[in-house]
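Worksheet: one structure, shown below.
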Amino acid sequence: MQYEIKKFKDGQVAAKIIENGNIHIKIRGNSYEGLFEAAAAKEAWDAENAINKSAIAELTIYCLIGQRSDRRFNKGESFDLKLICNFINSMKFDKVYILHPHSPISLALINNSEKISHFSFVEDAFNKIGNPILVSPDAGAYKTTHEIAEKLNADLVPSNKVRVNGAPEISIQGDVKGKPCLIIDDLADGGRTFKFLAEALKLQGAIKVFLYVTHAQFNYGFEELKETIDHVYCTNSYKNIDDEFVTQFKLKGIE
Ligand SMILES: O=P(O)(O)OC[C@H]1O[C@@H](O)[C@H](O)[C@@H]1O
């Protein structure tokens with residue numbers, strides 16, 4: 001570690017640089033406190049490197065807080081992602097890497113940003129399962145999953161939530177009979193989307209249904225998922241999960 005974080009009893013965070021030169025700060029970034037820790041480290045680094053103009057400062061954010069709030073949803077409400085990205089921009093990093101952002105809006109709002117792809121994690125899950133059909137759960141996930149399917153030479157079945165006579169229904173646009181399926185998406189908040197999709201896939205003959213999400217939040221409904229999903233693959237971008245139902249790919253630089 002190139003810096004240390006100290007926390008005061010009142011909640012204040014402070015940083016101390018312990019190694020000079022280039023810095024690469026890697027954080028979950030899934031809390032306001034985490035972002036403030038990075039800001040404190042960058043402020044301390046800036047002061048140390050005031051005359052070393054060639055040193056580079058990079059930030060990796062694995063699970064950007066507020067990434068789904070990528071617009072002002074209703075009049076009078078705050079545009080949270082814009083606020084968060086403005087704060088990140090105020091740190092003035094030379095490069096900011098974001099792992100599998102929910103939408104391209106985060107990348108557009110953050111200066112000098114670059115996406116880290118989730119491809120290698122999906123590839124790992126794909127190989128462990130043994131050639132499953134890839135399933136994109138909604139229009140938002142279709143484009144990136146299509147790119148991954150091309151690279152893996154895998155079959156892709158798009159699915160969507162549609163309204164039939166006003167009631168939500170899952171439509172699966174392909175044949176999954178007798179095949180294992182791997183649903184791929186960016187994040188699971190509760191996972192209801194995936195629980196019902198897995199049920200629908202099994203009703204159409206899928207033999208097993210696996211789930212890959214980069215950001216495994218599971219803020220609620222985790223146990224319910226086990227009813228229809230056979231196994232979950234994810235990273236530890238949001239939190240560490242210790243459960244034999246889950247295989248977690250560990251990211252560098254976070255504990
Ligand atoms: O079903 P839960 O986990 O609540 O929500 C996850 C879904 O909601 C979307 O924003 C995500 O991209 C994902 O498709």
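Numbering of ligands and ligand atoms starts at 1, following listing order.
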Practice prompt. Return each pair, listed once, that meets salt bridge (Lys or Arg N to Asp or Glu O under 4.0 Å) where at least one residue sits in residues 226-239; pairs must be two or more places apart or across chains.
Written response: Lys195-Glu227, Lys202-Asp230, Glu223-Lys226, Lys226-Asp243

Worksheet item: Pairs in or reaching into residues 144-162: which pass side chain to side chain donor-acceptor pair (under 3.5 Å), with residues at least two apart or in two chains?
Response: none

Fill in: Within one Ile-Leu-Val-Met-Phe-Trp-Tyr cluster: Ile25 and Ile88, side-chain cutoff 4.5 Å
yes

Worksheet item: Salt-bridged, Glu58 to Lys26, with N to O below 4.0 Å?
Response: no

Item to complete: Could you tell me whether Phe36 atom CZ has more than 12 heavy atoms of other residues or ligands within 6.0 Å of it?
Response: no

Just list the side-chain donor-acceptor pairs under 3.5 Å for residues 104-113, sequence neighbours left out, or say none.
unit_1: Asn112; atom_1: ND2; unit_2: Phe93; atom_2: O; d: 3.1
unit_1: Ser113; atom_1: OG; unit_2: Leu107; atom_2: O; d: 2.8
unit_1: Ser113; atom_1: OG; unit_2: Ile110; atom_2: O; d: 3.0

Fill in: Per-ligand residue contacts, ligand 1, heavy-atom threshold under 4.0 Å
Arg68, His102, Asp138, Asp185, Asp186, Leu187, Ala188, Asp189, Gly190, Gly191, Arg192, Thr193, Tyr220

